[in-house]
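Residue numbers start from 1 in every chain, and the chains themselves are labelled A, B, ... in the order their sequence lines are given, proteins ahead of strands. Quantities reported herein were computed from a predicted structural model and do not represent experimental measurements.
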2 protein chains.
Amino acid sequence: MPNPRAAMLVIGDEILSGRTRDSNMHFLAGKLTEIGVDLKEVRVIGDENGAIIAAVQALSRAYDHVFTSGGIGPTHDDITADCIAAAFDREIDVRDDARAILAAHYERSGLELNPARLRMARIPAGAELIANPVSAAPGFRLENVHVLAGVPSVFQAMVESVLPGLSGGRPLISRTLRIERGEGDIAGPLGELAADYPMLSIGSYPFQKDGIYGAHVVIRGNDEDEIDTALARLEAVFQ
Amino acid sequence: MPNPRAAMLVIGDEILSGRTRDSNMHFLAGKLTEIGVDLKEVRVIGDENGAIIAAVQALSRAYDHVFTSGGIGPTHDDITADCIAAAFDREIDVRDDARAILAAHYERSGLELNPARLRMARIPAGAELIANPVSAAPGFRLENVHVLAGVPSVFQAMVESVLPGLSGGRPLISRTLRIERGEGDIAGPLGELAADYPMLSIGSYPFQKDGIYGAHVVIRGNDEDEIDTALARLEAVFQ
């Protein structure tokens, strides 16, 4: 059976303006690869209702799982929850279970649960909450879309909350061979190897550092024996 | 006149598997912001013909400029040039001007211009070459799509080759105010400010470090006077 396919939607003007360098994509990519869910596409878009709704609908239809990051805080530019509700034509309002989580959290910290903070308890009808052990305000899952925070520490904690509930496939195994020769010299044999192992993904990533150049050849697949056989052949050719 | 709108397409299995952390998106975002071209969307996809062709066609239609990174080297997994040709229904073959650039480069370095390296001279009909001062093999522009390398040093050099030829709009100006209070406390006044300045983009980015928490409030726009006025009002409220 093929692995489940996933997409990610990164939401935030600050990424597209170059102010902030996103790190959530790289974190999620690594975690999904470990459990055998194939991340096939990532989109980054700004804080615009129409763009968010259209992207959520397109990705939700095309993939088994969708993960969003960003836009679920208390300020006016946090519009993700409303967009998700609109994308699935659901009602959205402050929900008692989410309000209770926030009330307990702010009581502990001695802060007021004011109207802005209460916005973070707005959850689309039918969604399931996702635990946030860092700062309490929950994410949620609606249909196949997991809605997570943008702050990296919170995003990461929410991903850890979600992962145990996903049924993955066979984890992707990868082996890397460092070859200190130009890509142009190894391309021929590498192409033949790729043709002989159509079930493996064989990638070549050139490097150049301190006057040494070459390529990292990465062999990826789900069958460890097949990977080891291909790697042995590669080593025999180049070392 | 509104600023030109751009999209980026990052091509590469290694980003989606979590092996490599992309840095080209952040670099391009900053450069485009400086010259007044608005980056509105980024997509990351794998080394698959169908996915690349579909994404190029969709983004080329929707935006004024498209920039791709990755997949133009000499190995079997470098399929971007062929996909771009297919997306625009153009012929593709080794082109004399590109071959001459490679021949001169490899003669200088004493390396053979073998069939694999010659693949990097395959250019779709009607495309214009983009200079690569780092490692010679050129990128190219076809219609409104700029096809650039994935290796960050080469990508960056190619972006610098392309930028002077783009006509930008008014550069985005941004001012940041650090406020050491929870986002929930500043959300109310911030929302009012955003409503009063609909031409500005006002974003709030929470931080929490060494026990201090608060938010960076970023005011972005094209009119410096308007930004300064909004910033002064923000400072008056919070400091």
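Nearest approach of Gly184(B) to Pro74(A), heavy atoms of both residues: N-CG, 3.8 Å. Contact record, Thr75(A) with Ala187(B): CG2-CB, 3.8 Å, taken as the closest heavy-atom pair.
For Ile202(B), the parts sitting under 4.5 Å from any heavy atom of chain A are the backbone and the side chain alike. No part of Leu118(A) comes within reach of chain B, as not one of its non-hydrogen atoms sits under 4.5 angstrom from that chain. Heavy-atom distances place the side chain of Tyr205(B), and not its backbone, under 4.5 Å from chain A. Contact annotation for Arg220(A): only side-chain heavy atoms (C-beta onward) come within less than 4.5 Å of a heavy atom of chain B. Both the backbone and the side chain of Ser204(A) come within less than 4.5 Å of a heavy atom of chain B.
At a heavy-atom cut-off of under 4.5 Å, chain A is reached by Arg19(B), Thr20(B), Arg21(B), Asp22(B), Ser23(B), Met25(B), His26(B), Ala29(B), Gly30(B), Thr33(B), Leu39(B) from residues 19-39 of chain B, listed in order of number. Residues of residues 170-177 of chain B having a heavy atom under 4.5 Å from any heavy atom of chain A, listed by number: Leu172(B), Thr176(B). Below 4.5 Å, heavy atoms of chain B meet heavy atoms from Ile45(A), Gly46(A), Glu48(A), all part of residues 45-57 of chain A. Contacts from residues 3-17 of chain B to chain A, taken as heavy-atom pairs separated by less than 4.5 Å, involve Asp13(B), Glu14(B), Ile15(B), Leu16(B), Ser17(B) in sequence order.
Here the straight-line distance linking atom OH of Tyr213(B) with atom OG of Ser109(A) works out to 7.0 Å at 0.5 Å rounding.
Counting only distance, with no hydrogens or angles, the side chain of His76(B) and the backbone of Gly188(A) share no donor-acceptor pair below 3.5 Å.
Contact of the Asp185(B) side chain with the Asn114(A) side chain is registered, since non-hydrogen atoms from C-beta on lie closer than 4.5 Å.
Few gaps surround CD on Glu160(A); more than 12 heavy atoms of other groups in view lie less than 6.0 Å from it.
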